[in-house]
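Numbered from 1 within each chain, the chains take letters A, B, ... in sequence-line order.
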2 protein chains.
Amino acid sequence: MRLSSLADYAVVMMTASARHCGVSGRLNATLVAGETGIPLPTVQKLVSRLSAAGLIESTRGTGGGFRLSRPPATITLADIVEAIEGPIAMTACVDAGKHDCAIEAECQVKPHWNAVNGAVRGALAGVSLAQLSSGATHGHA
Amino acid sequence: MRLSSLADYAVVMMTASARHCGVSGRLNATLVAGETGIPLPTVQKLVSRLSAAGLIESTRGTGGGFRLSRPPATITLADIVEAIEGPIAMTACVDAGKHDCAIEAECQVKPHWNAVNGAVRGALAGVSLAQLSSGATHGHA
DNA sequence: CTCAAATCGGATCGAATCAGTCCGATTGCC
DNA sequence: GGCAATCGGACTGATTCGATCCGATTTGAG
């Protein structure tokens with residue numbers, strides 16, 4: 001019931017990127033590492049995944065870097081978490097193709113997990129990067 | 001962003017216990033293991049933790065076993081998950097006494113995580129064992 | 001056009017956590 | 001009083017995750 005450190009780092013990194021979005025159109029991994037305290041190689045790994053997910057656009061070569069591919073208001077915690085950790089699923093039994101549970105046919109727990117998963121995803125989708133940058137909490141609890 | 005297998009097992013086990021609650025006042029780990037397909041040693045470990053958390057009351061010796069210490073309607077997924085995995089916290093930085101983050105003072109992300117944690121816990125607390133036993137889904141998503 | 005510097009991308013290694021198994025302590029029945 | 005059955009805690013093995021290192025690619029300068 002705890003997301004991975006990488007996902008946590010990714011949120012911090014994306015928030016920092018959102019802050020620099022308007023200032024300098026492009027920023028690099030070294031700058032973010034120095035600013036957030038996240039190890040440089042870890043930032044590079046995050047850039048790879050976030051770029052693959054389409055949340056950021058990276059440019060290589062001298063003077064390269066990356067930038068957000070969408071406005072901060074349209075990027076939510078759910079997008080970042082799913083980009084790093086994959087689909088939001090509390091249990092393994094709700095994944096398609098998994099049939100390890102012996103009582104799957106009579107399992108009454110499964111539909112409830114789907115409801116919980118939806119609620120969790122909704123909570124994450126309700127927080128955007130713009131809100132994270134401004135620091136204003138909205139009443140989602 | 002996925003709870004441990006033990007927590008998942010614990011939910012299944014507690015649901016099975018709730019079903020047998022009125023039938024035979026007491027049931028043992030071996031019975032539950034055979035019914036749910038969970039390995040017997042794993043069930044024993046779950047019994048230990050759930051008993052320590054006060055969700056079930058176990059009796060040792062011949063003819064021993066365990067039973068729910070409270071009515072199924074008053075036990076929620078949040079109780080079970082917290083008993084197995086500890087406090088519900090999405091990130092490590094919200095734990096008390098942890099100050100590994102270099103930008104903790106200016107971190108605007110932290111209060112949002114608290115809101116998300118509250119939302120997740122609310123989603124889990126909204127599902128009781130009684131609902132799990134009956135199999136009726138309520139509109140929580 | 002060639003060289004050099006800086007960046008992203010993938011692959012490898014080590015560590016921490018977690019699930020599973022085994023043995024001991026305790027209790028009730030015979 | 002002895003025996004059997006059950007919970008409780010401790011150890012071992014495996015899997016996953018995080019961090020580091022090296023190579024491929026691209027741009028800018030000379």
Item checked: Nearest-0.5 Å distance that lies between atom NZ in Lys110(A) and atom CG in Leu132(B) -> 14.5 Å
Next item on the list: Take the protein atom CG of Leu27(A) and the nucleotide atom P of dT7(C), then report the distance between them rounded to whole Å.
Entry: 12 Å
Check: Is the distance from OP1 or OP2 of dG9(C) to the nearest side-chain N or O of Ser58(A) less than 4.0 Å?
Finding: yes
Next item on the list: Would you indicate whether the side-chain heavy atoms of Thr59(A) and Arg67(A) approach each other to under 4.5 Å?
Entry: no
Item checked: From Ile88(A) atom CD1 to Asn117(A) atom CG, the distance as rounded to the nearest 0.5 Å -> 8.5 Å
Check: Please give, in whole Å, the distance from dG18(D) C1' to Leu40(A) CG?
Finding: 15 Å
Next item on the list: Could you tell me the separation between the CD1 atom of Ile84(B) and the P atom of dC18(C), rounded to a whole number of Å?
Entry: 12 Å
Next item on the list: Measure the CZ-CG distance between Arg26(B) and Leu31(B) for me, rounded to the nearest 0.5 Å.
Entry: 14.0 Å
Notebook entry, point to check: Taking atom OG of Ser128(B) and atom CD1 of Ile75(B), what is their separation to the nearest 0.5 Å?
Noted result: 9.5 Å
Next item on the list: Round to the nearest Å and state the distance from Ile38(B) atom CD1 to dT21(C) atom C1'.
Entry: 16 Å
Next item on the list: Given side chain to side chain contact (heavy atoms under 4.5 Å, CB included), test Met14(B) with Leu68(B) step by step and report yes or no.
Entry: CA-CA 8 Å; Met14(B) 291 291 279; Leu68(B) 298 179; 3.6 Å; yes
Note to self: Return the CD1 to CE distance between Ile80(A) and Met13(A), rounded to the nearest 0.5 Å.
What the structure shows: 9.5 Å
Check: About how many Å separate OH of Tyr9(B) and OG of Ser4(B), when rounded to the nearest 0.5 Å?
Finding: 10.5 Å
Note to self: Rounded to whole Å, how long is the line connecting atom CG of Leu31(A) with atom C1' of dA6(C)?
What the structure shows: 15 Å
Checklist line | Integer-rounded Å distance: dC8(C) P and Asn28(A) CG | finding: 6 Å
Next item on the list: May I ask you to say what Thr59(B) touches in the nucleic acid, namely base, sugar-phosphate or nothing, with a heavy-atom cut-off under 4.0 Å?
Entry: sugar-phosphate
Margin query: Under 4.0 Å from OP1 or OP2 of dG18(D): is there any side-chain N or O of Tyr9(A) that close?
Written below: no
Margin query: Distance check needed: dT7(C) P versus Arg60(A) CZ, whole Å only.
Written below: 13 Å
Notebook entry, point to check: So, is Ser4(A) close to the dG18(D) phosphate, meaning a side-chain N or O under 4.0 Å from OP1 or OP2?
Noted result: yes
Note to self: Output the rounded distance in Å from CZ (Phe66(B)) to C1' (dA5(D)).
What the structure shows: 15 Å
Notebook entry, point to check: Any donor-acceptor pair under 3.5 Å between the side chain of Ser5(B) and the base of dA19(C)?
Noted result: no
Next item on the list: Can you figure out which of dA4(D), dG18(D), dA19(C) approaches the side chain of Leu6(A) most closely?
Entry: dG18(D)
Next item on the list: For the pair Arg121(A) and Glu82(A), find out whether any cationic side-chain nitrogen is under 4.0 Å from an anionic carboxylate oxygen.
Entry: yes
Check: Which ones in residues 41-51 of chain B lie close to DNA chain C, meaning a heavy atom under 4.0 Å from one of its atoms?
Finding: Pro41(B), Thr42(B), Lys45(B)
Next item on the list: Kindly calculate the angle separating the two end axes of the helix from dC1(C)-dG30(D) to dC30(C)-dG1(D), each obtained from five base pairs, and round it to 10 degrees.
Entry: 0°
